[in-house]
Amino acid sequence: MDLQKVAKKWQARWDKDNAFKSKEVKKQKFYCLEMWPYPSGKMHMGHVRNYSIGDAFARYKRMSGGSILYPMGWDAFGLPAENAAIKNKTHPRIWTKNCIAQMKEQLQSFGFSYDWDREVSTAEPEYYKWNQWLFQQMLERGLAYQKESLVNWCPSCTTVLANEQVEAGKCWRCESVVENKQLKQWFFKITQYAEELLRDLDKLGTWPERVRTMQDNWIGKSQGINFIQKVKDLDLKFEVYDSIPQTFLAQTFCIIAPEHPMVKELVKGTKQEKEVLDFVETVKQKKSQNKFNIETDMEGVFTGRYVDNPFGTGDLPIWVASFVLYEYGTGIVNCSAHDERDFEFAKKYDIPLKVVLLPKDKKHAEQVQNLEVFYRKPDGILQAPEEVKGKAWHAAREQVIQHIEKKGFGKRTTNYKLRDWLISRQRYWGTPIPVVFCDKCGVVPAKLPVKLPDKAEFTGEGNPLAVDSFINTECPKCRGPAKRETDTMDTFVDSSWYFLRFTDPKNKKEIFSKDKADYWMPVDQYIGGIEHAVLHLLYARFIFKVIRDLGLTKHDEPFSSLLCQGMVVMEGAKMSKSKGNVVDPGEMLQKYGPDTMRLFILFASAPEKELDWNDDGIEAMHKFVLRMAGIKDLASGDGSKDKHLASKLQQTLQAVSNHLETFEHNFAVQKLMEITNFFYQHKSRISEKARNNSLATFSQIISPFAPHLAEELWEGLGNKTLVSLARWPRYNERLVKLEFDAEDALIDAVGADVAKVVELTKIQPKKITLFVAAPWKRTLYAELKELMKDTRDVGKIMQSLMSGKLKPHGQAIAKMVPKLVSSPQRIPAIIFDEKQEREFLEGLQLEAEVMVVAEEKASHDKAKQALPGKPAILVE
RNA sequence: GCCGCAGUGGCAGAGUCUGGCCAAAUGCGCAGGACUUAAGAUCCUGUCUCCUAGCGAGUUCGCCGGUUCGAAUCCGGCCUGCGGCACCA
């Protein structure tokens, strides 16, 4: 079979029949979505994996009935296109269009069952117009705002970045060291949704735990106290935030971030002014070049000012300290001996310290008291305030907070690490931020859409939008002269609501129709890389909630179920050009065809785990695909295994269905291998009729994994329809059970004739069988039935015993039996050998009634002797 | 440092939730056989150790200990590896 030809043939047929078109109909809906790609032109293995997983699931759901939405589109704005344009002296639009065309062709050659009628691209005005509309809605509601602040600047991308896009001080895209700059930028007020974003994580029970944890950490909620403090000799008040306020009475000094504007006010006119401002400059310099290192640069200067201490424990000197985070809390912190950094800082500058927390160990306590060592442990004993004296640091928290509130020192406050989302970018290839600046009217929403000007120069120097022809415009309000915003939006904004546009991609009047969105949303299954655990997945949740608050959807969360597939690696290392271990899916596709590729990628690893690519593996899978294709040509046999085949097929169907539901594709493929082997192994005992019957079901269940081969097999059986649209077969419980016939017979037999049990269990002549049943009044059959059903443990034991596979030692049985007999469950049968028998009889001391069934006269006599008065029968 | 996850045969990777049909699926690799002039492909068999070769015995699932008649599986401690966050007071 020419697999390449087969693939092309069915792709053309699907296309011609428009087979995968989705409709809003009165059926159970299912929205399956993969994180859409940035059109770089070439797919990488990660894409293939992502979409193979998604397509298998979508195809399965489609066959299971119901209406399915499975769309695809392009996250087409972004830096690579612009950089490519600069490099190749072309226009990003042209470059992107080419890339999309290439990538679409590749996607289609893999046979993914997308509804291409819904294709959208963020770089088209039809799409980004609504991006701009959304921005203006947010602007109107104060959710989009402009602010001058210290921001992350990537010198290589020549644009600012959001906090989420900085990883360990480096740009997420190009890994350049990020600098700090003071700039006026546009932000989205994601912090307004911090609490809800955190709380609703609980609704996302089917999301991977680690994604939820990562978002939880990123939002970083903490609860503590805000102290309101007054500067001595100045008419100046400020707040400090303390999330661990138990040791507040140990506070002996106060530190302020160098970036804090209050520093200037504090030192104005003092003799420290110059020294402090110089220090501030040095630290800022270091930070902006990212040369700041907490280990070596823990420095500070005294401002000459004091806090008028409200606790009555002496005034607190205010220092400017390099390590204070301006962005967190209020940027000013009260310090005590019970924080490691503060302790070290105080030691370095000889600032007095006070201790309110001591360990139980006396020697240790003395060291702490003498400030020889730093100390803070949850089980440390608080010495102050009086109200909690003697209590543990950890346990006293709530009480201390109440004390602080009662005294009026401060008030309970919640703090988040989450910062507002910086969305402006100083680049061309993105959605223009749709505002104009008018001298008269201020910031005014622009008329939509604000199209990207086609004529632009891509030199790599400066923002191509920052040219007069684009900037100069007219104010929509007063018709006077005005200037356009030249920044574009972070492309993460584009992709924060695309799943909604897919529900109504061609709408010219609205961002999407509420009815259609309400029908399809939320996305039932979302699939994509873990690298977006915080970035895209947090932004999308935020924007979705904003959209809800605009009244455009009734749901709270966009993605009810999430799967994060693992990376594709080679020999343990991430595929990268520099390592030279990149496998090109295009080449592989040429060589093996789509079915082999898809099967291999699904089989090689569980979806959420790493996938180690190896060439032998795909070669082996290719053989397997050919093997499946060859089933139909096998010589047929006498039919003695037909029933077994039917049973095996039903088992496979059941297993594959379950594995598909739970994304255990690797196991599903394994089951397909097993049954394929069965066809081959027993070909001489399978009739042609049975084989063809089975093959029909077989082609249905391989359809999500190897759709092209499935169609070919299906057609080969005389079907004119598409197997991709066939109904997923239902499994037949009775047939699944066929394999357990032997056990059923056993149970039936036991009811009729105890002796038969012995026969059925195929006991060796040398062994004896003991049935311990209490009370013996009821038939063994009833006992068995009850036991098998009601108790797991005994049921399991029963199964093991009956199949003869469990052979516990006599001693063990002796101990086990009384326990079981005295409990509501009873053990009806035990099989063991002579040696065990002896141990058993010696060890057995039970009150319950016992019946002995022995196979040999000697064993029978022995048992009777050991258990006088117990019924015993001999089976020969 | 904090949080989360994992450690099973030559390799990849099941089994762990719910203890016993577990010497442990499946695939790769390896060995032998059939077919073939041969190679490849394909098919079959074997693949922890020992032997008298068996519905045989022994030793295994990171290490140590505990619970249990019984532990890869449950509990406690330790070691190792991975991921995320990290100057958040």
Side-chain angles (χ1 to χ4, degrees), chain A residues 167-168 208-218 220-222 224 240-245 247 251 255 257 292-295 297-298 321-325 327-329 332-336 338-345 376 415-418 530-531 533-534 566-567 572 600 603-606 608-612 614-621 623-624 626-627 630 634 664 666-667 669-674 677 680-681 683 743 762-764 767 792-820 839-840 843:
Chain A
E167 292 168 356
E209 179 72 34
R210 61 177 173 150
V211 174
R212 285 188 289 149
T213 313
M214 280 160 79
Q215 293 211 356
D216 193 319
N217 289 343
W218 191 261
K221 180 177 179 173
S222 81
V240 296
Y241 174 71
D242 191 349
S243 73
I244 309 172
T247 53
Q251 292 168 356
I255 51 178
F292 184 78
N293 179 340
I294 173 78
E295 303 289 329
D297 297 326
M298 190 195 236
S322 58
F323 60 96
V324 185
L325 291 175
E327 305 84 33
Y328 185 72
I332 317 177
V333 189
N334 278 1
C335 302
S336 78
H338 299 294
D339 177 275
E340 200 158 5
R341 286 155 305 167
D342 298 350
F343 184 85
E344 270 176 46
F345 186 76
R376 184 176 83 194
N415 230 307
Y416 301 91
K417 290 184 199 170
L418 184 70
I530 186 73
E531 66 272 19
V534 171
M567 274 199 307
F600 172 68
F603 175 66
S605 176
E608 66 277 6
K609 293 196 175 159
E610 245 177 31
L611 189 156
D612 200 3
N614 75 77
D615 293 340
D616 292 338
I618 189 147
E619 192 65 50
M621 187 54 74
K623 287 182 200 167
F624 171 64
L626 291 171
R627 210 164 137 85
L634 288 174
E664 294 165 313
N666 45 334
F667 299 147
V669 176
Q670 181 186 308
K671 289 287 167 193
L672 296 177
M673 286 175 169
E674 281 177 39
N677 287 340
Y680 277 81
Q681 255 166 22
K683 61 183 178 216
E743 261 150 340
K762 297 188 189 89
I763 302 145
Q764 296 298 298
K767 293 178 180 174
R792 204 188 174 87
D793 258 8
V794 178
K796 248 187 189 168
I797 291 167
M798 266 306 301
Q799 266 186 308
S800 312
L801 292 172
M802 285 304 183
S803 60
K805 280 182 185 167
L806 174 68
K807 286 161 201 156
H809 293 286
Q811 198 62 43
I813 297 166
K815 284 190 186 165
M816 174 166 66
V817 167
K819 201 165 130 193
L820 292 167
E839 289 174 20
F840 173 77

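Keep in mind that what you see is a predicted model, and the values were worked out from it rather than measured. Naming convention: chains lettered A, B, ... in sequence-line order (proteins, then strands); numbering from 1 in each chain.
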Report task. Sequence neighbours left out, what passes side-chain contact (heavy atoms from CB on, under 4.5 Å) with A:Glu664? Give chain and number order. Result -> A:His659, A:Thr662, A:Asn666, A:Phe667
Query raised in the report: Base, sugar-phosphate alone, or nothing: which one does A:Val534 contact when heavy atoms must sit under 4.0 Å apart?
Result: nothing
**Report entry** Partners meeting side-chain contact (heavy atoms from CB on, under 4.5 Å) with A:Val324 (sequence neighbours left out)
**Finding:** A:Ile255, A:Ala257, A:Ala321, A:Val333
**Report entry** Heavy-atom protein contacts under 4.0 Å, nucleotides 25-34 of chain B, coded B base, S sugar-phosphate only, - none
**Finding:** BSSS------
Query raised in the report: Once Watson-Crick and G-U wobble pairs under 3.5 Å are found, how is RNA chain B written in dot-bracket notation, 5' to 3', with | for any base paired to another strand?
Result: ((((((((.[[[..)....(.....]]]((((((.......))))))((((..).)))...[[[[[..)....]]]]])))))))....
**Report entry** Residues which pass side chain to side chain donor-acceptor pair (under 3.5 Å) with A:Asp242, listed by chain and number, not counting sequence neighbours
**Finding:** A:Gln251
Between the protein and nucleotides 6-12 of chain B, are there any N/O to N/O pairs under 3.5 Å, and if so, what are the atom names and distances?
none

Query - Sequence-distant partners of A:Phe624, ring pair (Phe, Tyr, Trp, His ring centres under 6.0 Å), two or more places apart - result: none
Query raised in the report: How is A:Leu325 classified with respect to the nucleic acid when contacts are heavy atoms under 4.0 Å: base, sugar-phosphate, or nothing?
Result: base
**Report entry** Presence of A:Tyr241 side-chain N/O under 4.0 Å of B:C88 phosphate oxygens OP1/OP2
**Finding:** no
**Report entry** Distance below 4.0 Å between A:Ser243 side-chain N/O and B:A89 OP1 or OP2
**Finding:** yes
Query raised in the report: Distance from A:Thr247 atom OG1 to A:Asn334 atom CG, nearest 0.5 Å?
Result: 10.0 Å
Report task. Kindly write out the residues that satisfy side chain to side chain donor-acceptor pair (under 3.5 Å) with A:Glu619, not counting sequence neighbours, or none if the list is empty. Result -> A:Tyr592
Query - Nearest-angstrom distance, C1' atom, B:C74 to B:C69 - result: 16 Å
Query raised in the report: Can you tell me how far C1' in B:C78 sits from the matching atom in B:G29, rounded to whole Å?
Result: 35 Å
Query raised in the report: Which residues satisfy the ring pair (Phe, Tyr, Trp, His ring centres under 6.0 Å) test with A:Tyr328, sequence neighbours excluded?
Result: none
**Report entry** Qualifying residues under side-chain contact (heavy atoms from CB on, under 4.5 Å), relative to A:Lys623, sequence neighbours excluded
**Finding:** none
Query raised in the report: C1' atom, B:G81 versus B:G20: distance in rounded Å?
Result: 32 Å
Requested in this report: State which residues pass side-chain contact (heavy atoms from CB on, under 4.5 Å) with A:Asn677; sequence neighbours excluded, sorted by chain then number.
Outcome: A:Arg627
**Report entry** Span that lies between the C1' atom of B:C3 and that of B:C88, in whole angstrom
**Finding:** 15 Å
Query raised in the report: Can you find a side chain N or O atom of A:Arg341 that sits less than 4.0 Å from OP1 or OP2 on B:C88?
Result: yes
**Report entry** Partner set under ring pair (Phe, Tyr, Trp, His ring centres under 6.0 Å) for A:Tyr241, not counting sequence neighbours
**Finding:** none
